[in-house]
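The structure appears right after this line, and notes come after that.
What's counted below: heavy atoms across the whole structure, side chains too, no hydrogens, waters or symmetry copies.
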Amino acid sequence: MTSFDTLVRPDRYPLSSAYDPAWLLRLDMGPHPLWMLEDLVRDLDLRPGARVLDLGSGKGATSVFLAREYGVQVVAADWWVGAEEAAEVFAQAGVGDQVEAVRAEAHALPFEKESFDAIVSVDAFEYFGTADSYLPYLVRFLRPGGLLGMATPGMTREVRELGAIPAHIKEVVGWEAIAWHTPEWWRFQWEITELVEVTSARLQEGGWQDWLLWARACADHDPENRASHQPVIDMLVADGGEHLGFTLMTARKR
Ligand SMILES: C[S@@+](CC[C@H](N)C(=O)[O-])C[C@H]1O[C@@H](n2cnc3c(N)ncnc32)[C@H](O)[C@@H]1O
């Protein structure tokens, strides 16, 4: 049994380490979202009071973190999780006045043009954001000079370049792995539009290890769903960090 302590790593993630691992595991929808977000925001100049869209916010851990740690006003938009369920998380975390929960589909966002100072998305873009037309659609909601930050499962080399999805990934993720792009892929995809200036594009240092730590903690502390976590653990162990990690991207709207 992995201890909760494996999820408290103040040397690498000092802000995230203040959050109760049991609370985070209850909100689990994918790899440790606060580690990704804390690292991502190192490349993003979020100012207190900024209006931030958390796109694909899930059960809301990242929105709570944005409100508490950076003093921003958050709109938490998600498709699978209802606004009422997310609003309950925000109220219990004491950030109900700073975070508004909205049920929204990423291609039909119910917001005014240029109404956000920043858009942040953690472990969600891979589901809706890879089409050529998506970045141009999304940036219309950012004010000029507004910031975009995105963290998503990524690979060290493009599937296209490898010629096939590696077997250990295909077995668990199937064709969806074709959306797990390299930082270089995202950089080109975004910069070619000339709508944004990419300010950072990197594979997260230690991302593969972070993912494995999280998957093991989920399996140990959520025994009822161990069967759903074990294939991910097996995939990561088989990978050994050769292909898998997280792509972190930041950009500024021109
Ligand atoms: C793996 S979960 C991650 C949730 C959260 N960001 C986290 O890290 O815990 C992916 C999220 O993307 C959201 N999502 C997927 N497709 C979407 C779409 N078309 N529009 C809006 N949200 C979407 C889902 O609702 C889900 O909450």
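The backbone N or O of Met249 lies less than 3.5 Å from no partner atom in the side chain of Ser200, so there is not a single donor-acceptor pair. In this structure, the side chain of Ser57 engages the main chain of Ala77 through a donor-acceptor pair within 3.5 Å. Side-chain atoms of Thr193 come within 3.5 Å of backbone atoms of Trp190 as a donor-acceptor pair (strictly under, hydrogens ignored). Looking at Trp214, its side chain does come within 3.5 Å of a backbone N or O of Gly30 through a donor-acceptor pair. Thr156 places a side-chain N or O within donor-acceptor distance of the main-chain N or O of Glu242, the cut-off being under 3.5 Å. Arg51 places no side-chain N or O within donor-acceptor distance of the main-chain N or O of Ala118, the cut-off being under 3.5 Å. Distance alone, capped at 3.5 Å, is enough to place a donor-acceptor pair between the Ser17 side chain and the Arg9 backbone. Side-chain atoms of Tyr137 come within 3.5 Å of backbone atoms of His107 as a donor-acceptor pair (strictly under, hydrogens ignored).
The pair Lys59-Asp78 does not meet the salt-bridge criterion, since no charged nitrogen lies less than 4.0 angstrom from a carboxylate oxygen. Between Asp222 and Arg26 there is no salt bridge, since no side-chain N of the basic residue sits under 4.0 Å from a carboxylate O of the acidic one. A salt bridge links Asp45 with Arg47; the closest basic N to acidic carboxylate O contact falls under 4.0 Å.
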**OP:** Evaluate side-chain contact (heavy atoms from CB on, under 4.5 Å) for Leu24 paired with Leu7, printing each intermediate quantity in order.
**Re:** CA-CA 10 Å; Leu24 266 172; Leu7 299 181; over 6 Å; no
Original post:
Should Asp54 and Val75 be marked as a side-chain contact (heavy atoms from CB on, under 4.5 Å) after you check the CA-CA gap, both sets of side-chain angles, and the distance that decides it?
Top reply: CA-CA 6 Å; Asp54 184 358; Val75 175; over 6 Å; no
Subject >> Working for side-chain contact (heavy atoms from CB on, under 4.5 Å), residues Thr62 and Val120 >> reply: CA-CA 9 Å; Thr62 50; Val120 167; over 6 Å; no
**OP:** Could you walk me through whether Trp180 and Trp211 pass the ring-ring contact (aromatic ring centres under 6.0 Å, His included) test, one step at a time?
**Re:** CA-CA 14 Å; Trp180 293 4; Trp211 197 344; 5.6 Å; yes
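Using bins of under 30°, 30° to 60° and over 60° for the plane-to-plane angle, the ring pair Trp185/His181 lands in the parallel bin. The aromatic rings of Phe4 and His221 sit parallel to each other, their planes meeting at less than 30°, with 60° as the upper class boundary.
The side-chain heavy atoms of Pro166 and Met155, taken from C-beta on, include a pair separated by under 4.5 Å. Here the side chains of Leu109 and Leu55 are in contact, with some heavy-atom distance below 4.5 Å. Taking the side chain as every heavy atom from C-beta outward, Tyr70 and Pro48 never approach each other to under 4.5 Å. Using a 4.5 Å cut-off on side-chain heavy atoms (C-beta onward), Leu135 and Val196 make contact. Between Leu15 and Arg68 there is no side-chain heavy-atom pair separated by less than 4.5 Å. Looking at Arg254 and Val139, their side chains never come closer than 4.5 Å, going by heavy atoms from C-beta outward. Side-chain contact between Trp186 and Met150 is present, with at least one heavy-atom pair separated by less than 4.5 Å. A 4.5 Å side-chain heavy-atom check between Leu212 and Val237 finds at least one atom pair inside the cut-off.
For the atom pair Ile233 CD1 and Cys218 SG, the distance stands at 8.5 Å (nearest 0.5 Å). Interatomic distance, CG of Leu195 versus CZ of Arg140, reported as 10.5 Å (0.5 Å rounding). With values rounded to the nearest 0.5 angstrom, Phe116 atom CZ is found 12.0 Å from Lys253 atom NZ. To the nearest 0.5 Å, atoms CZ (Arg103) and CH2 (Trp80) are separated by 11.5 Å. Atoms NE2 and CE, on His168 and Met235 in that order, are 7.5 Å from each other to the nearest 0.5 Å. Atom CD of residue Glu205 and atom CG of residue Leu248 lie 11.0 Å apart, to the nearest 0.5 angstrom.
Between Ala101 and Ala83 the shortest heavy-atom distance is CB-O, 3.4 Å. Residues Glu69 and Tyr19 approach most closely at OE2-OH, 2.6 Å, considering heavy atoms. The two residues Thr247 and Gly154 have their closest heavy-atom pair at OG1-CA, 3.5 Å. Residues Ala215 and Val232 approach most closely at CB-CG1, 4.3 Å, considering heavy atoms. Between Arg202 and Asp39, the shortest heavy-atom distance links the atoms NH2-OD1, 2.8 Å. Scanning all heavy atoms of the two residues, the minimum distance from Ala177 to Val159 falls at O-CG2, 4.1 Å.
Annotation: Glu114, atom CD; neighbour count of heavy atoms from other residues, nucleotides and ligands within 6.0 Å is above 12. The neighbour count for Phe188 CZ, taken as heavy atoms of other residues, nucleotides or ligands under 6.0 Å away, does not exceed 12. The 12-atom threshold is not exceeded at CD of Glu171, counting heavy atoms of other residues, nucleotides or ligands nearer than 6.0 Å.
Of the N and O atoms on the side chains of Gln189 and Tyr134, not one donor lies less than 3.5 Å from an acceptor on the other residue. At a cut-off of 3.5 Å, with distance as the only test, a side-chain donor of Thr250 or Thr199 sits close to an acceptor on the other residue. No side-chain N or O of His32 forms a donor-acceptor pair with one of Asp210 less than 3.5 Å apart.
Test Leu147, Val198, Leu142, Leu44 against Arg252 for side-chain contact (heavy atoms from CB on, under 4.5 Å) and you get one pass: Leu147.
Under the 4.5 Å side-chain heavy-atom criterion for grouping Ile, Leu, Val, Met, Phe, Trp and Tyr, Val102 is connected to Leu138 within one hydrophobic cluster. Cluster annotation: Leu53 is not connected to Val95 through the hydrophobic network of ILVMFWY side chains, with a link wherever side-chain heavy atoms come within less than 4.5 Å. Under a hydrophobic-cluster definition in which Ile, Leu, Val, Met, Phe, Trp and Tyr are linked whenever side-chain heavy atoms come within less than 4.5 Å, directly or via other members, Phe246 and Leu40 are assigned to the same cluster. Hydrophobic clustering (ILVMFWY, side-chain heavy atoms < 4.5 Å, transitive): Val74 and Leu27 are in one cluster. Residues Ile119 and Trp79 are members of one and the same hydrophobic cluster, defined by side-chain heavy-atom contacts under 4.5 angstrom among Ile, Leu, Val, Met, Phe, Trp and Tyr.
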Could you pull out every donor-acceptor pair under 3.5 Å between side chains of residues 122-131 and any protein atom, sequence neighbours left out?
unit_1 : atom_1 : unit_2 : atom_2 : d
Glu126 : OE1    : Ala124 : N      : 3.2
Glu126 : OE1    : Thr152 : OG1    : 2.8

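Applying the salt bridge (charged side-chain N to carboxylate O under 4.0 Å, His left out) test to every pair with at least one member in residues 143-166, sequence neighbours left out, gives these pairs: Asp117-Arg143, Arg157-Glu161.
Stacking of Arg12 on the aromatic ring of Trp35 is not recorded, the 6.0 Å distance cut-off and the 45° axial limit not both being met.
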